Amino acid sequence: MNRVLSILIGVAVTLWLLSYTVFIVDQRKFAIVSSFGEMRQVIDEPGLHFKFPPFQSVVFVERRIMLLETPEADRFATAESGGQKMELQVNAMVKWQIADPKLNYVSVGPDEARTRERIAQSIKAALTEEIAKHSAHDLVAGERTHVADAVRQRVTGEAKQIGVEIVDLQIKRVDYTDQVNTAVLERMKAERARVAADLRSQGNAESEKLRADAERKSKILLAEATRDAEIVRGEGDAKASQIYAQAFGQNPEFYKFYRSLEAYRASFKNRSDVMVVDPNSEFFKYMKNPEALGAKK
């Protein structure tokens, strides 16, 4: 009985010692072995490993990509014309991971919260410097990409000094504070009104130009049409005169008869027309004696 009890006690002591001697490294973690507070080894291979308590202790460090977002209430001053400044609310997001656990342990210690704090401080300092180079309008309108690139470069360099790799950095939000929203909206309205007035003025000027050009072209076309009409009319009159001359030259008496008819037509346009003329006048020659036309052929 005593022998069995001794074996059980021995097994229990062995298991207890093993629990302090053996540790398992997860594939998502780094294991940092230290002795009396001084780092001795970094284990990045997953599996079963051993340590020698109480002389050695193990700290596990995350090796996966982690996410850090800056507070949405952070405010940064911009550079405006006239030396004025405007505050913007800027919120950034960064993906990071520990690339050099040894350097990270030496720089900030095994506490992940301290690493996050260092990265957050670096981001805030970089945002403060970069945003101060741009106006609020540029940042809101689309300059955030350039600012994010500049911040990423600076934070990447500083993160390397503590064994951290910056995988990605994006600016999620750029917005005006409540105090300046109204002023900015009014300024934007005034700017849009000015642009609309300029466009309206340009449109009116272009309209007047087109109208004047159309009137000029219409006058030119009308003058050219009138000129062509006069030329055609003149040519027609000349042709008619030529035809009349040829016809009347063949029979002068017919010409006299034709002229008499024209005179009759002009004299008696209306039923009420009255003429006081001697009936024996030459005017009524062909009316009184139509055969006179053929008498002198």
Side-chain angles (χ1 to χ4, degrees), residues 69-95 122-157 166-242:
E69 292 190 48
T70 60
E72 294 186 1
D74 279 354
R75 298 185 178 187
F76 301 89
T78 64
E80 304 297 327
S81 59
Q84 299 178 353
K85 292 185 180 296
M86 184 178 297
E87 285 190 341
L88 292 179
Q89 290 182 332
V90 181
N91 174 229
M93 177 195 71
V94 60
K95 294 179 181 179
S122 180
I123 293 174
K124 186 171 184 179
L127 283 173
T128 301
E129 181 177 341
E130 291 300 326
I131 290 176
K133 300 177 182 178
H134 301 270
S135 66
H137 178 270
D138 292 340
L139 289 168
V140 174
E143 289 291 331
R144 67 175 66 184
T145 302
H146 299 108
V147 173
D149 292 339
V151 172
R152 185 185 303 111
Q153 292 180 3
R154 174 170 172 174
V155 174
T156 298
I166 301 299
V167 178
D168 188 25
L169 189 148
Q170 299 290 336
I171 294 179
K172 291 180 57 180
R173 176 191 179 192
V174 176
D175 200 2
Y176 296 107
T177 59
D178 295 337
Q179 290 79 2
V180 299
N181 265 335
T182 302
V184 171
L185 288 176
E186 291 300 325
R187 189 177 68 178
M188 292 176 67
K189 288 180 181 179
E191 178 67 16
R192 294 297 180 269
R194 183 189 64 79
V195 172
D198 290 343
L199 292 176
R200 193 177 296 110
S201 176
Q202 294 175 8
N204 291 335
E206 189 67 21
S207 174
E208 292 297 329
K209 180 180 177 181
L210 292 174
R211 186 179 294 108
D213 188 55
E215 291 179 356
R216 180 182 61 82
K217 290 182 178 179
S218 66
K219 290 180 179 180
I220 293 175
L221 290 174
L222 182 60
E224 291 177 349
T226 302
R227 180 199 63 193
D228 294 343
E230 293 297 330
I231 292 175
V232 172
R233 186 179 295 110
E235 292 176 350
D237 291 343
K239 188 69 175 177
S241 298
Q242 183 182 1

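We count residues from 1, following the sequence as given. Not measured: the values here are computed from a predicted model. Just so it is clear, the values below take in all heavy atoms, side chains as well, and ignore hydrogens, waters and symmetry mates.
A salt bridge links K133 with E130: the distance from a Lys NZ or Arg NE/NH1/NH2 to an Asp or Glu carboxylate oxygen falls below 4.0 Å. In summary, E224 and R227 do not engage in a salt bridge, as defined by a charged side-chain N under 4.0 Å from a carboxylate O. Residues D213 and K217 are paired through a salt bridge, judged by an N-O separation under 4.0 Å between the basic side chain and the carboxylate.
Here the CG atom belonging to N204 is positioned 11.0 Å from the CG atom belonging to L199, to the nearest 0.5 angstrom. Expressed to the nearest 0.5 Å, how far CD of E129 lies from NZ of K124 amounts to 15.0 Å. Atoms CZ and OG1, on R173 and T70 in that order, are 10.5 Å from each other to the nearest 0.5 Å. Considering CZ of R75 and CG of L127, their distance stands at 15.5 Å, rounded to 0.5 Å. The distance from the OG atom of S122 to the CG atom of L169 is 9.5 Å, given to the nearest 0.5 Å. Distance check: R216 CZ to L221 CG gives 10.0 Å after rounding to the nearest 0.5 Å.
Between A132 and A79 the shortest heavy-atom distance is O-CB, 2.9 Å. Looking at every heavy atom in both residues, A126 comes nearest to V151 through CB-CG1, 3.8 Å. Between R144 and V174, the closest heavy-atom pair is NH2-CB, 3.6 Å.
The closest side-chain heavy-atom distance from R154 to I123 is not below 4.5 Å. Using a 4.5 Å heavy-atom cutoff, the side chains of R233 and E230 are in contact. Residues T128 and F76 form a side-chain contact, since some pair of their non-hydrogen atoms from C-beta on lies under 4.5 Å apart.
For the pair S201 (side chain) and D198 (backbone), a donor-acceptor distance under 3.5 Å is absent. Distance alone, capped at 3.5 Å, places no donor-acceptor pair between the T156 side chain and the I166 backbone. T226 contributes a side-chain N or O that, together with a main-chain N or O of L222, makes up a donor-acceptor pair within less than 3.5 Å.
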